[in-house]
Amino acid sequence: QYILMDMTSQQVLAARDADAQTDPASLTKLMTAYLVFNALRDKKLTLEQTLPVSERAWRERKGGGSLMFIDTTMTPKVDELVKGMIVQSGNDAAVALAEGVAGTVEKFVEMMNRQAQAWGLKNTQFRNVTGLSEPGHYSSARDVAVVAAKIIGEHGTHYPLYSIRQYTFNNIKQDNRNMLLGRDPTVDGMKTGFTEAAGYCLVASAARDMPNGKRRLLSVVLGTASREARASESQQLLNWGWQAWDAVRLFEAGKEVVTVPVWKGQKPQARLGAAGAIYVSVPKGEGERLKTVVERTDPLVAPLLAGQRVGTLKVSTATGAPVAEVPLTVIESVELAGLLGRAWDAIRLWIK
C-alpha cells in the first residue's frame with residue numbers, strides 16, 4: 001500500500017490500495033505529535049516545562065516497542081520528550097506527552113479520534129497513542145498522508161525535528177530509523193513504523209528548490225518486508241515524482257484568475273482568485289499545453305465578501321484529461337449598491 005502526493009499542488013501522483021484499513025504502527029505518533037504541537041501553539045504546554053513520568057509511561061518498556069528509556073524518578077522537559085517520541089519513536093515518551101496534554105491517555109485518544117473525524121478520515125480509528133497493535137486501531141496510507149501534511153502545513157516551526165539524525169537521552173544514543181535522511185539530501189522527514197502486523201512502514205517527505213519556488217513531495221509506504229525495502233520503495237516513489245512530473249505555477253498568490261460582472265454592487269465587477277499561488281502537477285512536458293476553464297455561479301449578486309467561494313478553476317491536459325480543480329474566491333469585497341443602483345440592476349436582470 002502506498003501513496004505519493006505533491007504537497008505543492010495538493011495532488012495525488014500515485015496510489016495503490018491507499019484507502020485500505022491497516023495497522024499503522026508508529027505512524028500513529030504523527031497524530032500524537034500533531035496534538036502536542038497544537039498544545040504548544042495554544043500555550044497549554046511549553047518546551048521548557050517538565051512533566052512527571054507515570055507508572056503507565058514507564059510500563060511501556062514491557063510492551064516490546066521503541067523507547068526513550070524514561071522512568072518514574074525523572075522529570076523530563078517537554079522538548080526532550082518530543083525529541084524522544086519523534087527521533088527515537090519512544091512509546092514511553094508518547095504516553096508521557098499524552099498525559100501532559102490531556103490528563104489521561106484515554107482522553108488524549110478521544111482527542112485523536114475527534115481530530116481524525118474533523119478532517120474526514122474515514123479509514124482511521126485510534127485505540128492508543130503509540131501504535132502498538134490493538135483491535136480497532138487502524139489507518140490507511142491516504143489518511144496517514146493527511147496527518148503528515150497537516151504537520152508540515154500547520155506546524156512548520158516543529159517540522160525540522162523530523163530531520164534529526166540521532167538523539168541522546170540519559171546517556172543512551174539512538175539513531176533515527178529513517179534511512180533516507182542519510183541517503184537523500186532532499187529528504188527532511190518524516191516517520192518510520194514497525195509491528196509484526198503492520199510490517200515496515202515509512203512516511204518520507206522531500207523538498208527541492210525549483211525555478212518557481214520550493215516543491216515538496218510526500219510518500220507513504222506501508223507493509224514492506226524490511227527496513228531496506230521501505231527505504232528503497234519510498235526512494236523510488238520520490239524519484240519518480242521528481243522525474244516524471246512537473247509542478248507548474250499557473251497563477252501567483254493574490255493574483256486574480258478572472259474578473260466577472262456583479263449585479264447590484266457598488267462595483268460592476270469582482271476579482272476572483274485562490275487563497276495562495278495555484279500550482280498543478282502534470283506529466284513532464286505537458287505544462288505548456290494545459291487548458292483552463294472557470295465555472296462560476298451566475299448571476300453574481302452583491303454583497304460579496306472577500307474569501308467567499310463563487311467558482312472553480314478546472315485544469316485539464318490538451319487531451320481533456322482532468323488535472324485539478326481549484327476553488328475560486330472573491331479577492332476584494334463588493335458592497336451592496338444604493339437603492340437606485342439596485343433597482344436599475346434589478347430591471348436589467350429581469351430583461352436579461
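Atom set for the values below is all heavy atoms of this structure, side chains included, hydrogens, waters and symmetry mates excluded. We number each residue from 1, following the sequence as shown.
Using cut-offs of 30° and 60° on the angle between ring planes, the pair Phe169 and Tyr167 is parallel.
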### Task
Walk me through it: do Thr28 and Val129 pass the test side-chain contact (heavy atoms from CB on, under 4.5 Å)?
CA-CA 7 Å; Thr28 299; Val129 301; 5.7 Å; no

### Task
Show your reasoning for whether salt bridge (charged side-chain N to carboxylate O under 4.0 Å, His left out) applies to Arg309 and Glu325.
CA-CA 13 Å; Arg309 180 174 177 175; Glu325 292 190 9; 5.7 Å; no

### Task
Quick one: do Leu35 and Asn38 satisfy side-chain contact (heavy atoms from CB on, under 4.5 Å)? Show the steps, please.
CA-CA 5 Å; Leu35 293 175; Asn38 278 358; 4.1 Å; yes

### Message
For a salt bridge (charged side-chain N to carboxylate O under 4.0 Å, His left out) check, start with the C-alpha distance between Glu134 and Arg127, then their side-chain angles and the critical distance, and finish with the verdict.
### Response
CA-CA 7 Å; Glu134 189 175 331; Arg127 287 281 187 258; 5.2 Å; no

#### Entry: Chi angles and distances behind the side-chain contact (heavy atoms from CB on, under 4.5 Å) call for Asn128, His137
CA-CA 7 Å; Asn128 60 61; His137 186 90; 3.5 Å; yes

### Query
Would Thr317 and Val282 satisfy side-chain contact (heavy atoms from CB on, under 4.5 Å), going step by step from the backbone distance to the final call?
CA-CA 8 Å; Thr317 63; Val282 294; 5.5 Å; no

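In this structure a side-chain-to-backbone donor-acceptor pair under 3.5 Å is missing from Gln88 to Met85. Between the Ser232 side chain and the Glu228 main chain, a donor and an acceptor come within less than 3.5 Å of each other. Gln266 places a side-chain N or O within 3.5 Å of a backbone atom of Leu336 that can act as its donor or acceptor partner. In this structure, Lys29 contributes its side chain and Ser89 its backbone to a donor-acceptor pair below 3.5 Å. Checked by atom type and distance alone, the side chain of Asp42 never pairs as donor or acceptor with a backbone atom of Lys44 at under 3.5 Å. Formation of a donor-acceptor pair under 3.5 Å by the Asn113 side chain with backbone atoms of Phe126 is found in this model. A distance-only check finds a donor-acceptor pair linking the side chain of Asp92 to the backbone of Phe69 [under 3.5 Å]. Without hydrogens or angle criteria, Lys291 side chain to Ala318 main chain gives a donor-acceptor distance under 3.5 Å. In this structure, the side chain of Ser205 does not engage the main chain of Leu218 through any donor-acceptor pair within 3.5 Å. Side-chain N or O atoms of Gln125 include none that pairs as donor or acceptor with a backbone N or O of Ala116 at under 3.5 Å.
Ion pairing between Arg208 and Asp184 fails under the 4.0 Å rule for side-chain N and carboxylate O. Using a cut-off of 4.0 Å between Lys/Arg side-chain N and Asp/Glu carboxylate O, Glu110 and Lys107 are scored as not salt-bridged.
Between the CG atom in Asn176 and the OH atom in Tyr162 there is a gap of 10.5 Å [rounded to 0.5 Å]. Annotation: the span from Leu313 atom CG to Arg296 atom CZ amounts to 13.0 Å, rounded to 0.5 Å. One distance of note links CG of Asp6 with CD of Gln11; it measures 7.0 Å at 0.5 Å rounding. Atom-to-atom distance recorded for Leu51:CG and Ile70:CD1 is 9.0 Å, nearest 0.5 angstrom. Within the model, atoms CG of Asp188 and CG of Leu181 stand 8.0 Å from one another, a figure rounded to the nearest 0.5 Å. From Leu27, atom CG reaches atom OG1 of Thr32 across 11.0 Å, with rounding to the nearest 0.5 Å.
Met111 is not connected to Tyr138 by any chain of hydrophobic side-chain contacts under 4.5 Å among Ile, Leu, Val, Met, Phe, Trp and Tyr, and they are in different clusters. Under a hydrophobic clustering in which Ile, Leu, Val, Met, Phe, Trp and Tyr are joined whenever their side-chain heavy atoms come within less than 4.5 Å, directly or via other members, Met7 and Val144 fall into the same cluster. Under a hydrophobic clustering in which Ile, Leu, Val, Met, Phe, Trp and Tyr are joined whenever their side-chain heavy atoms come within less than 4.5 Å, directly or via other members, Val82 and Val203 fall into the same cluster. A continuous path of ILVMFWY side-chain contacts below 4.5 Å connects Val323 to Val258, so both sit in one hydrophobic cluster. Under a hydrophobic clustering in which Ile, Leu, Val, Met, Phe, Trp and Tyr are joined whenever their side-chain heavy atoms come within less than 4.5 Å, directly or via other members, Val330 and Leu305 fall into different clusters.
For Lys267, the NZ atom is densely surrounded, since the number of other residues' heavy atoms within 6.0 Å is greater than 12.
Residue pairs satisfying the ring pair (Phe, Tyr, Trp, His ring centres under 6.0 Å) criterion with at least one member in residues 182-235, sequence neighbours excluded, are listed as follows: Phe194-Tyr200. Residue pairs meeting the ring pair (Phe, Tyr, Trp, His ring centres under 6.0 Å) criterion with at least one member in residues 4-24, sequence neighbours excluded, do not occur. For residues 58-69, no pair satisfies side-chain hydrogen bond (donor to acceptor under 3.5 Å, both in side chains), with sequence neighbours left out.
Residues Val78 and Leu40 meet the side-chain proximity criterion, which asks for heavy atoms closer than 4.5 Å. Counting only heavy atoms from C-beta outward, the side chains of Met68 and Leu81 approach each other to under 4.5 Å. Taking the side chain as every heavy atom from C-beta outward, Val257 and Leu272 never approach each other to under 4.5 Å. When side chains are defined from C-beta on, Met74 counts as touching Asn170, because their heavy atoms get closer than 4.5 Å. At a threshold of 4.5 Å between non-hydrogen side-chain atoms, the residues Gln236 and Tyr2 do not count as touching. Side-chain contact between Met210 and Trp242 is present, with at least one heavy-atom pair separated by less than 4.5 Å. Two residues are said to be in side-chain contact when any heavy atoms from C-beta on lie closer than 4.5 Å; His158 and Ile86 fail this criterion. Counting only heavy atoms from C-beta outward, the side chains of Val53 and Asp71 never approach each other to under 4.5 Å.
Ala274 and Leu328 make their closest contact through N-CD2, 4.5 Å (heavy atoms, listed as atom of the first residue, atom of the second, distance).
Partners of Tyr279 by ring pair (Phe, Tyr, Trp, His ring centres under 6.0 Å), not counting sequence neighbours: none found.
Inspection of the Thr75 and Thr50 side chains reveals no N or O donor paired with an N or O acceptor under 3.5 Å.
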Pairs of donor and acceptor atoms involving the side chains of residues 146-154, under 3.5 Å and at least two apart or interchain, shall be tabulated with distances.
unit_1, atom_1, unit_2, atom_2, d
Glu154, OE1, Tyr34, OH, 2.5

Residues 243-251 side chain polar contacts: donor-acceptor under 3.5 Å, at least two apart:
unit_1, atom_1, unit_2, atom_2, d
Asp246, OD1, Lys284, NZ, 2.7
Asp246, OD2, Gly285, N, 3.1
Arg249, NH1, Asn212, O, 3.4

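Put simply, the residue from Leu238, Val221, Leu202, Leu222 that forms a side chain to side chain contact (heavy atoms under 4.5 Å, CB included) with Glu233 is Val221.
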